[in-house]
Amino acid sequence: MAYISTNFLLFFFTISSISFHVIFTATVIEDLNNLQPPPDFNSTITKNCITNPYLRYCNSIPFNLDEIFKSTIVASHLCNISNNTNCVESFPKIDLHSQPKIAPLYLSFTFFWKYCPLTLTSINLSNNSLKGNFPSDIFHCSQIEKLDLSHNNLSGDLPVQNFYILENLTFLNLSYNDFSESKISDKHFFERFNSMSFICSGILPNHKHFRIKAVLLLIGFPVFVISMVVFLGWLCFWRPDFLPRFLQRRNEFTMSILKAATDGFSKRNLVGKTGTVSVYKGVLRNGSEVRIEIYLDNMSRENRRRFVEKSKILVQLSHDNIVPILGWCDNRRFRALITEWIGGENIETWLSNSAPQWKQRVKVILRVALVVCYLHEEWPEVGYNLKTRNVLISENGEPMITNFRIDDHHCSAKKIYKFGMFILEMVTNKRPGKEFEKGESGFVEWVKLNYPDNMEDLIDKRMKKNGLIVSQCAEVIGFGLICTDISNGQRPSWNEILDLISSTLSIESASPDRKRLHLDSKGGHKHAHYRGSMH
Ligand SMILES: *[C@@H]1O[C@H](CO)[C@@H](O)[C@H](O)[C@H]1NC(C)=O
Ligand SMILES: *[C@@H]1O[C@H](CO)[C@@H](O)[C@H](O)[C@H]1NC(C)=O
Ligand SMILES: *[C@@H]1O[C@H](CO)[C@@H](O)[C@H](O)[C@H]1NC(C)=O
Ligand SMILES: *[C@@H]1O[C@H](CO)[C@@H](O)[C@H](O)[C@H]1NC(C)=O
Ligand SMILES: *[C@@H]1O[C@H](CO)[C@@H](O)[C@H](O)[C@H]1NC(C)=O
């Protein structure tokens, strides 16, 4: 034991003869004060410092022999009491866990901490009911890695800024103390030690951080929720077309959607305007082109409700020759009906500009008859204004009926009359409204006047004719006259109309559509009667 290597407590051999059990009694301070360093103590520690200049007391030249001597005695006892395995050579830990009687005493030996042995890496003073401020003497042991002061009654401010001294401290436990709730905003400190080090210690890890979190939670979250609600509300009420498809109300368009579709109702997209009705061409978000018919009439609330109800019916119409009605917009300022955009001209211009041949006209007449019957059968409540102007002709020559007048009265007789006018126009290419002084009745009179003897004048002159065509035209005109005969109380039924048309126009009757023509064959053989009545 003559020589003990680095860092170690090299003094034990000098004092090993002193019996420690007498120390640390009630009179311990007195006892310590009475102790005198041995005469050769100066030379012993001088030697030690030459061997190991890193011993803490070596820095305190000139030596305070008395102080150093006492600290070695405390150290040796403390080392032993802490159950270190070899207190002659090493002193790695202070373990005064649950020793409330002696822990405060050791803490009071300032001289000990001043010369804190460099081998010490762990200090445990937990569960000792220690009172007062944080034991700052511990900062002398700058090399420690573990410090446990949990379960005490330490109070006052935690000297956070001094913890930088304990640069190798990785474990800290200050839980269950009464430190004052000071505003500790040392971010670095709370990054080193997590909240488990401060359970019920009075120390609030980073007050500011906490406050930010609290602010975020208390203000940020509601704000977030409110903005989400506002945003979703905006989506629902203004731009539902941005919602996922399953959340969209399929047929309801908002003013914002229409505005976006028409570039803010720009004049460029205005395709027609009559009175309070404006027609726009628009492009929806999904890229489909639509026709937007806007009614700027100030409708009563009740009428608007009815408009929506009728629109709900209209969107269900489904026929190859009906322009699909996509939906409606019901707004305090205006109503709108949105249909698919069908390019191409209407029948009226088609007739005057393209002078279609009989075969093409027959196709149109048949298709329109089919739609008319479909509507009568399936949707008797739906009104429409059958006119050459309201039927479009698609690129492949299919008529597309549009303009379902929602607020029409659905009088079947009127519909039959309109259908009669339609087919008369198809043959004659005359505009009853423009070309006859008395309008439609003048037109019908003119047809009656020339029928059946003057077919040449009645049939559109630009159409190629042969015997079959002329006779078919005569049949159609005769039929048109029956339909338009206002005085005739016994108008044909829709099924009779369909049957008559399809059998007359046998060109088409071989087509697959023939099957669809016979929606109902009940009245199928009555047409002879009407033909008879005309001749
Ligand atoms: C201890 O010894 C050194 C020389 O080794 C001397 O300078 C110093 O004064 C001595 N101190 C005391 C307190 O005797
Ligand atoms: C160290 O403690 C043991 C009991 O744990 C005791 O027997 C021994 O005398 C003590 N040694 C010193 C030097 O205090
Ligand atoms: C704290 O110390 C007391 C005795 O002072 C003991 O009964 C108790 O079990 C200890 N608690 C812990 C957590 O060590
Ligand atoms: C911390 O540990 C490193 C490496 O073990 C050592 O060099 C340094 O001196 C230690 N710091 C203190 C304050 O003891
Ligand atoms: C500190 O001590 C308390 C109580 O004993 C314990 O619950 C906690 O986990 C400890 N903290 C750490 C970092 O070990």
Check: residues 391-402 side-chain donor-acceptor pairs under 3.5 Å, at least two apart:
unit_1, atom_1, unit_2, atom_2, d
Ser394, OG, Asn396, OD1, 2.5
Ser394, OG, Glu398, N, 3.3
Ser394, OG, Glu398, O, 3.3
Glu398, OE1, Asn321, ND2, 2.9
Glu398, OE1, Arg367, NE, 2.8
Glu398, OE2, Arg367, NE, 3.4
Glu398, OE2, Arg367, NH2, 3.1

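- The existence of a salt bridge linking Asp330 and Arg335 is excluded, since no basic side-chain nitrogen approaches an acidic carboxylate oxygen closer than 4.0 Å.
- Applying the salt bridge (charged side-chain N to carboxylate O under 4.0 Å, His left out) rule to Lys281 yields the partners Glu289; only residues at least two apart in sequence or on another chain are considered.
- In this structure, Tyr57 and Phe63 have perpendicular ring planes: the angle between them is above 60°, well past the 30° mark.
- Below 30°, between 30° and 60°, or above 60°: for His77 and Tyr106 the angle between ring planes is below 30°, a parallel geometry.
- Checking Ser98 against Asn127 by side-chain atom types alone, a donor-acceptor pair falls below 3.5 Å.
- Put simply, the side chain of Tyr384 never gets that close to the backbone of Lys415: no donor and acceptor are under 3.5 Å apart.
- No side-chain heavy atom of Phe112 sits under 4.5 Å from any side-chain heavy atom of Asp137.
- Between the side chain of Asn177 and the backbone N or O of Leu174 there is at least one donor-acceptor pair closer than 3.5 Å.
- Within the model, atoms CG of Leu169 and CZ of Phe163 stand 7.0 Å from one another, a figure rounded to the nearest 0.5 Å.
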Problem - Derivation and outcome, side chain to side chain donor-acceptor pair (under 3.5 Å), residues Asn269 and Thr262 - result: CA-CA 6 Å; Asn269 293 316; Thr262 56; 5.4 Å; no
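- Under the 3.5 Å distance criterion, the side-chain polar atoms of Ser122 are left unmatched by any main-chain donor or acceptor of Lys93.
- Side-chain contact annotation: Asn42 with Thr46, donor-acceptor N/O pair under 3.5 Å present.
- Pairs engaging residues 304-343 under the disulfide (SG to SG under 2.5 Å) rule: none recorded [sequence neighbours left out].
- Between the Ser180 side chain and the Gly156 main chain, a donor and an acceptor come within less than 3.5 Å of each other.
- Inspection of the Thr51 and Asn48 side chains reveals no N or O donor paired with an N or O acceptor under 3.5 Å.
- Applying the side-chain hydrogen bond (donor to acceptor under 3.5 Å, both in side chains) test to Arg56 and every residue at least two apart in sequence or in another chain returns Ser142, Gln143.
- Between Asn251 and Ser311 the shortest side-chain heavy-atom distance does not fall below 4.5 Å.
- When the side-chain contact (heavy atoms from CB on, under 4.5 Å) test is applied to Met196, the partners found at least two apart in sequence or on another chain are Asn194, Ile199.
- Pairing each heavy atom of Pro100 with each of Asn128, the nearest pair is N-OD1, 3.1 Å.
- In this view, Arg301 satisfies the salt bridge (charged side-chain N to carboxylate O under 4.0 Å, His left out) rule with no residue, not counting sequence neighbours.
- Using a cut-off of 4.0 Å between Lys/Arg side-chain N and Asp/Glu carboxylate O, Arg304 and Glu302 are scored as not salt-bridged.
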Practice task
Take Ser82 and Asp95 through the side chain to side chain donor-acceptor pair (under 3.5 Å) test and state the conclusion after the steps.
Solution key: CA-CA 5 Å; Ser82 297; Asp95 186 357; over 6 Å; no
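- Around the CZ atom of Phe224, the shell of radius 6.0 Å holds no more than 12 heavy atoms that belong to other residues, nucleotides or ligands.
- Ring-plane geometry between Phe265 and Phe334 is classed as perpendicular, the angle between the planes exceeding 60 degrees on a 0 to 90 degree scale with a lower cut at 30.
- A side-chain hydrogen bond (donor to acceptor under 3.5 Å, both in side chains) with Ser126 holds for exactly one of Gln99, His97, His151; it is His97.
- Evaluation of the disulfide (SG to SG under 2.5 Å) test over residues 284-327, restricted to residues two or more places apart or in two chains, returns none.
- Between Thr349 and Asn346 there is a side-chain heavy-atom pair separated by less than 4.5 Å.
- Checked against side-chain hydrogen bond (donor to acceptor under 3.5 Å, both in side chains), Arg192 has no partners two or more places apart in sequence or in another chain.
- Take Arg239 and apply the salt bridge (charged side-chain N to carboxylate O under 4.0 Å, His left out) test, not counting sequence neighbours, and it matches Asp241.
- For the pair Asn152 (side chain) and Leu125 (backbone), a donor-acceptor distance under 3.5 Å is present.
- At least one donor-acceptor pair under 3.5 Å links the side chain of Ser201 to the backbone N or O of Ile203.
- Counting all heavy atoms, side chain and backbone alike, Glu340 lies closest to Val323 at O-CG1, 3.4 Å.
- Side-chain atoms of Asn331 come within 3.5 Å of backbone atoms of Arg333 as a donor-acceptor pair (strictly under, hydrogens ignored).
- For Asp263, the salt bridge (charged side-chain N to carboxylate O under 4.0 Å, His left out) partners at least two apart in sequence or on another chain are Arg268.
- Judged as a side-chain contact (heavy atoms from CB on, under 4.5 Å), and not counting sequence neighbours, the contacts of Glu67 are Asn64, Phe111, Lys114, Tyr115.
- Every pair passing disulfide (SG to SG under 2.5 Å) that includes a residue from residues 104-156 is listed here, sequence neighbours excluded: Cys116-Cys141.
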